[in-house]
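By convention here, the first residue in the shown sequence is residue 1. Since this is a predicted model, take the numbers as computed values, not measurements.
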Amino acid sequence: LSLSSQKPFKFIIKKKHFLCNGFGVNSSNVIRELRAQNPNIDQYEYNYDGNADDFIPISDYFNFVDIRITPRNSKSISKIAEDLQIDIILNFISEFNEKIKLSTQESEIYDEIFQNLFQIDKIGIDTVKKSILESEWAHSDENIRELVSIILYVVSHRLGIHSKIIELIISLHNSAR
């Protein structure tokens with residue numbers, strides 16, 4: 001048996017037709033169950049509220065074409081995968097969303113330290129020191145090295161805050177004792 005020997009399977013979404021590989025569509029639990037009940041079924045009318053073109057990545061997946069999941073298309077792909085019970089896509093989307101969440105959290109941590117250091121003259125040394133000591137920046141050698149890199153970047157771009165940064169470093173050093 002080859003992938004192309006199976007009769008194509010047609011999805012109909014809002015009068016738009018998508019031809020998919022007959023084997024590939026079996027990754028959908030919904031289609032696999034329908035075919036178990038009626039082996040001759042060769043099409044499925046999918047009632048989808050979104051744009052019919054949202055189905056293109058799913059059609060590509062069923063046709064063994066790599067698909068690209070982005071923040072822009074992840075919700076529609078996830079909705080279709082839920083409706084059609086395509087577990088492998090649902091698992092991938094779950095991992096994708098977790099990576100986005102972690103990336104966002106990491107970005108927020110960097111944003112906060114940069115913002116605090118660039119505004120040290122406005123918010124005060126003690127505020128910046130407290131945020132550093134209460135964050136993960138002060139809890140491992142690797143994070144401390146990263147913090148030093150950030151401080152070097154900040155002082156190279158804001159010449160007027162050197163004295164405040166020096167006071168901060170001395171205060172952090174004294175806190176470490």
Side-chain angles (χ1 to χ4, degrees), residues 1-118 131-132 134-150 153-154 157:
L1 287 176
S2 73
L3 291 178
S4 61
S5 68
Q6 179 79 21
K7 183 178 175 187
F9 191 92
K10 185 190 313 182
F11 281 88
I12 304 166
I13 303 160
K14 297 183 177 181
K15 299 181 183 176
K16 195 164 187 177
H17 295 217
F18 296 88
L19 285 179
C20 299
N21 182 285
F23 286 122
V25 297
N26 287 325
S27 62
S28 160
N29 293 330
V30 169
I31 301 302
R32 195 170 49 253
E33 287 174 21
L34 287 173
R35 289 177 125 184
Q37 295 168 7
N38 178 2
N40 296 323
I41 191 169
D42 64 354
Q43 69 179 28
Y44 180 75
E45 190 161 342
Y46 174 44
N47 186 15
Y48 176 64
D49 292 333
N51 186 321
D53 287 342
D54 292 347
F55 194 78
I56 291 171
I58 301 296
S59 175
D60 286 344
Y61 175 78
F62 287 149
N63 287 316
F64 303 101
V65 174
D66 287 338
I67 62 172
R68 186 167 184 220
I69 297 175
T70 66
R72 175 175 269 161
N73 69 9
S74 68
K75 285 185 182 174
S76 61
I77 291 174
S78 182
K79 171 70 174 129
I80 296 167
E82 285 175 17
D83 290 348
L84 298 177
Q85 299 174 13
I86 309 168
D87 295 335
I88 194 161
I89 291 179
L90 291 172
N91 291 339
F92 186 82
I93 294 245
S94 176
E95 290 174 16
F96 175 81
N97 288 336
E98 188 61 31
K99 287 178 185 177
I100 293 288
K101 182 180 170 186
L102 290 173
S103 177
T104 301
Q105 289 171 344
E106 192 171 293
S107 174
E108 289 169 357
I109 291 167
Y110 278 91
D111 285 348
E112 180 183 2
I113 190 65
F114 272 107
Q115 198 169 29
N116 286 346
L117 289 170
F118 273 116
S131 82
I132 290 171
E134 290 175 354
S135 72
E136 59 188 62
W137 292 113
H139 298 289
S140 76
D141 288 345
E142 182 180 338
N143 288 351
I144 292 170
R145 283 192 291 278
E146 184 74 16
L147 176 62
V148 169
S149 297
I150 292 169
Y153 178 86
V154 169
H157 287 80

Grab the two heavy atoms, one from [X] and one from [Y], that are nearest each other, plus how far apart they are.
X     : Y     : result
Ile12 : Lys10 : CG1-CD, 4.0 Å
Asn97 : Ser74 : OD1-OG, 4.3 Å
Pro8  : Leu19 : CB-CD2, 4.3 Å
Val25 : Cys20 : CG1-CB, 3.6 Å
Pro57 : Ile67 : O-CG2, 3.0 Å

Supply the atom-to-atom distance [X] [atom1] to [Y] [atom2], rounded to the nearest 0.5 angstrom.
X      : Y      : atom1 : atom2 : value
Asp53  : Lys16  : CG    : NZ    : 3.5 Å
Leu34  : Tyr44  : CG    : OH    : 6.5 Å
Asn21  : Ser59  : CG    : OG    : 10.0 Å
Leu147 : His139 : CG    : NE2   : 11.5 Å
Lys14  : Asp54  : NZ    : CG    : 8.5 Å
Ile31  : Gln43  : CD1   : CD    : 10.5 Å

Determine whether [X] and [Y] make a side-chain contact, defined as any pair of heavy atoms from C-beta on separated by less than 4.5 Å.
X      : Y      : answer
Tyr61  : Ser27  : yes
Glu142 : Arg145 : yes
Arg35  : Phe9   : yes

Checklist entry - Ring centres of Phe11 and Phe55 under 6.0 Å apart? => result yes
Checklist entry - Between Phe18 and Phe62, is the ring centre distance below 6.0 Å? => result no
Are there over 12 heavy-atom neighbours, none belonging to [X], within less than 6.0 Å of that residue's [atom1]?
X      : atom1 : answer
Asn47  : CG    : no
Phe118 : CZ    : yes
Lys75  : NZ    : no

Report all side-chain donor-acceptor pairs from residues 99-114 shorter than 3.5 Å, counting only partners two or more places apart or in another chain.
| from | atom 1 | to | atom 2 | distance (Å) |
| --- | --- | --- | --- | --- |
| Thr104 | OG1 | Ile100 | O | 2.8 |
| Tyr110 | OH | Glu146 | OE2 | 3.1 |

Item to check | Verdict with reasoning, Leu117 to Tyr153, per side-chain contact (heavy atoms from CB on, under 4.5 Å) | outcome: CA-CA 10 Å; Leu117 289 170; Tyr153 178 86; over 6 Å; no
Distance-only donor-acceptor hits, side chain of residues 77-87, under 3.5 Å, sequence neighbours excluded:
| from | atom 1 | to | atom 2 | distance (Å) |
| --- | --- | --- | --- | --- |
| Ser78 | OG | Glu82 | OE2 | 3.4 |
| Lys79 | NZ | Asp83 | OD1 | 2.9 |
| Lys79 | NZ | Asp83 | OD2 | 3.2 |
| Asp83 | OD2 | Tyr46 | OH | 2.6 |
| Asp87 | OD2 | Asn29 | ND2 | 3.0 |

Next on the checklist: Keeping Asn143 on the side-chain end and Ser140 on the backbone end, is there a donor-acceptor pair under 3.5 Å?
Outcome noted: no
Item to check | Test item: Asn116 side-chain N/O and Ile132 main-chain N/O as donor-acceptor pair under 3.5 Å | outcome: no
Next on the checklist: For Ile150 and Trp137: C-alpha separation, side-chain torsions, deciding distance, then whether side-chain contact (heavy atoms from CB on, under 4.5 Å) applies.
Outcome noted: CA-CA 11 Å; Ile150 292 169; Trp137 292 113; 3.5 Å; yes
Checklist entry - Could you go step by step and tell me if Ile89 and Ile58 meet the side-chain contact (heavy atoms from CB on, under 4.5 Å) rule? => result CA-CA 9 Å; Ile89 291 179; Ile58 301 296; 3.8 Å; yes
